[in-house]
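Data first, discussion second: the structure below is written as structure tokens.
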Amino acid sequence: MSVYIEKVKAREIFDSRGNPTVEADVILSDGTLGRAEVPSGASTGELEAVELRDGGDRLQGKGVSKAVNNVNTEINKILHGADPFNQAQIDQAMIDLDGTKNKARLGANAILGVSMATCRAAANYQKVPLYRYLGGTDLELPQTFHNVINGGEHADNGIDMQEFMITPVERTSFRDGFEKIANTYHTLKKVIEAAGYQTGLGDEGGFAPDLNSSEEALKMLHEAIEKAGYTPGKEIAIAFDAAASHFYDHDSGNYNFEGTVKTPDEMGDYYVKLLSEFPEIISIEDPYGEDDWDNFAKFAKKVGDQVQIVTDDNVCTNPELFRKAIKMGMANSFLIKLNQIGTVTETLEAIRIARKNGYTTMMSHRSGETGDTFVADFTVATNSSQLKSGAPARSERVEKYNQLLRIEEELGENGSRLAKFPNDVDFD
Ligand SMILES: O=C(O)[C@@H](CO)OP(=O)(O)O
Ligand SMILES: [Mg+2]
């Protein structure tokens, strides 16, 4: 082996919500550096790998010095001399060192930082872009989903559903699609202002007007698409992440949704009504709570042939949980978040399982983000076809899209393939 890992080290930096998070460096024996920053979620699934926080409370600005220390001591010790091109071996060594099922001892934030930084160091050593190092050839640019109205745990307003997204359908290039999204975003601001609401932003850069209903948010999106000069469903479509665990009542099994109590069936009727009112809705994420697998599966079976149903909080990018969901037929799409599982290798395994079983994959940022664009390269490298990374505003979100613009340029604007929704999968 000509080059090996000389040193691994980490430090505490801050994320887009002003909370401490981990940055990891992997330094190779020839001095090559790979660096990665770890994002952090708010609406986290119960079964996510553990983000190690000093004092344990993830949203109170608590530090990550324990996770940083684990990188600088134990992880540094076992990875010294390791082959940076053997990603699977490196990830497995950290999993074994941790010794728990959910990375609770060393912290998924510690392990993921090193896992991603290793990919970067290897790519830098070979002097190839990250997406090439991880993905090789035959790559496509994803369809992007932009959260432009924020609710739920991402905003302080009366909307219970978490994310209202717009996505470009008909587009001649990635750039063309992104320009259409930016135009719609600017028009949406005017629509919200005209209706007399504030246009302050939520965690993911979308507007957070104090509306009282999700339906009202969808109406505004519909109006903004039209006023921007596009046809809803043709050039620009709509998707939402209900993140329903947030309004699920575990005791009664009902949903406390925007001033009403709905049974699971009533919740389903509500979504069906939204689908008929807004036929431009093409994707629904987490319509049911994370403990409500049966109703989730029932709903997916009912409408899954007409709309993409994405599962996030229930399955947490965990290959084992993916298998359970597939057996139950509980959705037709998986959300993919690196830090829910904690290593690059396990994330690749989750994507492979999804693909083999005809599920689409939507790659995702976290609501607490950094300037790191790893997720953009990773989406292209894995041909994940879909990426949600927030609004076309605020640099921790936009940098991911800017990276995709650069990748499109590198691949050759006319020669690059654009992902087709829904990832060439037939929902029937
Ligand atoms: O629920 C989600 O899909 C994510 C990302 O948008 O939010 P968070 O990072 O807060 O879990
Ligand atoms: Mg979600």
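Everything numeric in this text was worked out from a predicted model, so none of it was measured. In this chain, numbering begins with 1 at the start of the sequence shown. Ligands are counted one by one from 1 in listed order, and the atoms in each one are counted from 1 as well.
- Below 3.5 Å of separation, one finds an N or O of D241 facing an N or O of ligand 1.
- Those atoms of ligand 1 with a heavy atom of L335 less than 4.0 angstrom away are 3 (O).
- For the atom pair CD (E216) and CG (L221), the distance works out to 12.0 Å, reported to the nearest 0.5 Å.
- Formation of a donor-acceptor pair under 3.5 Å by the E235 side chain with backbone atoms of T231 is found in this model.
- In this structure a side-chain-to-backbone donor-acceptor pair under 3.5 Å is missing from R11 to D25.
- Atom 7 (O) of ligand 1 has H154 CE1, 3.2 Å as its closest protein atom, hydrogens excluded (heavy atom only).
- For atom 5 (C) of ligand 1, the closest non-hydrogen atom on the protein side is E204 OE2, 3.4 Å.
- For Y255 and Y288, the ring centers are positioned less than 6.0 Å apart.
- Given atom 3 (O) of ligand 1, the protein heavy atom at minimum distance is K388 NZ, 2.6 Å.
- For a threshold of 3.5 Å applied to N or O pairs, the pair formed by D313 and ligand 1 contains no separation below that value.
- Atom 2 (C) of ligand 1 has as its closest protein heavy atom K337 NZ, 3.2 Å.
- Q87 places no side-chain N or O within 3.5 Å of a backbone atom of V344 that could act as its donor or acceptor partner.
- In the vicinity of E163, heavy-atom distances shorter than 4.0 Å reach the ligand 1 atoms 1 (O), 2 (C), 3 (O), 4 (C), 5 (C), 6 (O), 7 (O).
- Heavy-atom distances between A243 and ligand 1 stay at or above 4.0 Å for every pair.
- Close contacts of ligand 1 with E285, meaning ligand atoms under 4.0 Å from a residue heavy atom, involve 3 (O).
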Set out, in order, the CA-CA distance, both residues' side-chain angles and the distance that settles side chain to side chain donor-acceptor pair (under 3.5 Å) for T343 and T345, then state yes or no. CA-CA 5 Å; T343 62; T345 305; 5.0 Å; no

